[in-house]
Amino acid sequence: MAARVAACTACHGEQGRAGADGYYPRLAGKPQEYLYHQLLNFRDGRRQYRPMAHLLAGLPDTYLHEMAAYFADQHVPYPPPLRAEVSAATLEAGRQLALSGDAARGLPACTACHGTALGGLLPAIPGLLGLPRDYIGSQIGSWKNGLRRAAAPDCMADIANKLTPADIGALAAWLSSQPVTATYAPEPAGALRLPAECGSQAQR
């Protein structure tokens, strides 16, 4: 397995801890089904990043599932968060969206799907902490612009389309500045009643 994932860790860091440049996200400890779906999405063109598509071209589903299981089983410490150089008002706006949402705009809190501690939800919803600010912003932007897609109904695309650029910046700043506790982990399947039907969560 170490040889199989060597191409992954070259960018995503040893054991999938995250790349040093702040662009390649952490893989370690994320839900296996989430990682598996992302590998499928890159291989099958639902996510657009040519190096990933090239690496995964022709690999069978079972092979990808085993790779996802390897990274899901890696439990390594998170580094301390970087301080976001934004105003207190921006951080508060991000905190409100993450923890409370905005009912007037039909925006659920991030915690409604990603767990009360934002650690994710099994089988296939990832945690949101321990990720670089630029990565969070770029991924929400990709959902909003249609560059990132998931199985229908694509609930994350629906949410991203309701977010303004200021919302995205505030969420990225607040989420990336939160420390990750030693007990950070996905919640069990069924622990939350999701506010919307999500195709990726329904897949197995």
Start with the C-alpha distance between Phe71 and Thr9, add both sets of side-chain angles, then the distance that settles side chain to side chain contact (heavy atoms under 4.5 Å, CB included), and finish with yes or no. CA-CA 10 Å; Phe71 284 112; Thr9 56; 4.0 Å; yes
List the atom pairs, with distances to 0.1 Å, where a side-chain N or O of residues 159-166 and a protein N or O form a donor-acceptor pair under 3.5 Å, not counting sequence neighbours.
residue : atom : partner : partner atom : Å
Asn161  : ND2  : Ala157  : O            : 3.1
Lys162  : NZ   : Gly106  : O            : 3.2
Thr164  : OG1  : Ala166  : N            : 3.4
Thr164  : OG1  : Asp167  : N            : 3.0
Thr164  : OG1  : Asp167  : OD1          : 3.4
Thr164  : OG1  : Asp167  : OD2          : 3.1

Spacing of Arg50 atom CZ and Gln48 atom CD [to the nearest 0.5 Å]: 10.0 Å
Nearest heavy-atom neighbours spanning Ala112 and Pro108: CB-CB, 4.3 Å
Can Leu99 and Trp174 be said to form a side chain to side chain contact (heavy atoms under 4.5 Å, CB included), step by step? CA-CA 11 Å; Leu99 303 184; Trp174 188 82; 4.0 Å; yes
Side-chain donor-acceptor pair present, Arg95, Gln178, cut-off under 3.5 Å: no
I'd like to check the disulfide (SG to SG under 2.5 Å) partners of Cys155; sequence neighbours left out, ordered by chain and number. Cys198
Apply side chain to side chain contact (heavy atoms under 4.5 Å, CB included) to residues Gln74 and Arg17 and explain how you reach the verdict. CA-CA 9 Å; Gln74 303 303 305; Arg17 291 171 183 257; over 6 Å; no
What residue pairs, at least two apart or across chains, pass side-chain hydrogen bond (donor to acceptor under 3.5 Å, both in side chains) with a residue in residues 112-138? Thr116-Glu187
Using the ring of each side chain (for Trp, its six-membered ring), is Tyr49 parallel, tilted or perpendicular to Tyr24, with breaks at 30° and 60°? perpendicular
Roughly how far, to the nearest 0.5 Å, is the OH atom of Tyr70 from the SG atom of Cys8? 9.5 Å
Taking salt bridge (charged side-chain N to carboxylate O under 4.0 Å, His left out) as the definition, give me every residue that meets it alongside Glu66, ordered by chain and number, with sequence neighbours left out. Arg4
Spacing of CG belonging to Asn145 relative to CD1 belonging to Ile140, to within rounding of 0.5 Å: 12.0 Å
Distance-only, no hydrogens or angles: does the Ser100 side chain make a donor-acceptor pair with backbone N or O of Leu97 under 3.5 Å? no
Taking only residues two or more places apart in sequence, or in another chain, which ones meet Pro60 in a side-chain contact (heavy atoms from CB on, under 4.5 Å)? Thr62, Tyr63
Residues in side-chain hydrogen bond (donor to acceptor under 3.5 Å, both in side chains) with Asp61, at least two apart? Arg43
Show the nearest heavy-atom pair for residues Leu131 and Pro25, with the distance to one decimal. CD2-CB, 3.9 Å
Testing the basics here: between Gly130 and Val180, what is the closest heavy-atom pair and its distance to 0.1 Å? N-CG2, 3.7 Å
Tell me every residue that passes side-chain hydrogen bond (donor to acceptor under 3.5 Å, both in side chains) with Tyr78, counting only those two or more places apart in sequence or in another chain. Arg26
Of all heavy-atom pairs between Phe42 and Leu56, which one has the smallest distance, and what is that distance? CB-CD1, 3.7 Å
Ile136 side chain near Leu171 side chain, heavy-atom distance below 4.5 Å: no
Give me the atom names and distance for the closest heavy-atom approach of Ala84 to Leu91. CB-CD2, 4.3 Å
Among Lys144, Arg47, Met156, which residue meets the side-chain contact (heavy atoms from CB on, under 4.5 Å) test with Gln139? Arg47
With sequence neighbours left out, the residues meeting ring pair (Phe, Tyr, Trp, His ring centres under 6.0 Å) with His54 are none
State which residues pass salt bridge (charged side-chain N to carboxylate O under 4.0 Å, His left out) with Asp44; sequence neighbours excluded, sorted by chain then number. Arg46
Co-membership, hydrophobic cluster, residues Leu175 and Leu82, 4.5 Å side-chain: no
Interatomic distance, CD@Gln38 vs CG@Leu27, rounded to 0.5 Å, equals 10.5 Å
Separation between CG of Leu118 and CG of Leu129, rounded to the nearest 0.5 Å: 5.0 Å
Set of side-chain hydrogen bond (donor to acceptor under 3.5 Å, both in side chains) partners for His75, sequence neighbours left out: none
Who pairs with Arg83 by side-chain hydrogen bond (donor to acceptor under 3.5 Å, both in side chains), at least two apart in sequence or on another chain? Glu85
For a quick test of reading the model, state the closest non-hydrogen atom pair linking Arg148 to Asp154 and the distance between them. O-OD2, 4.5 Å
Between CE of Met52 and CG of Asn41, what distance do you get to the nearest 0.5 Å? 10.0 Å
Indicate if Leu39 and Leu59 have the same hydrophobic cluster label, given that clusters are the connected sets of ILVMFWY residues with side-chain heavy-atom separations under 4.5 angstrom. yes
side-chain contact (heavy atoms from CB on, under 4.5 Å) partners for Cys113, two or more places apart: Ile125, Leu194, Pro195
Shared hydrophobic cluster, Leu128 / Leu107 (ILVMFWY, side-chain heavy atoms < 4.5 Å): yes
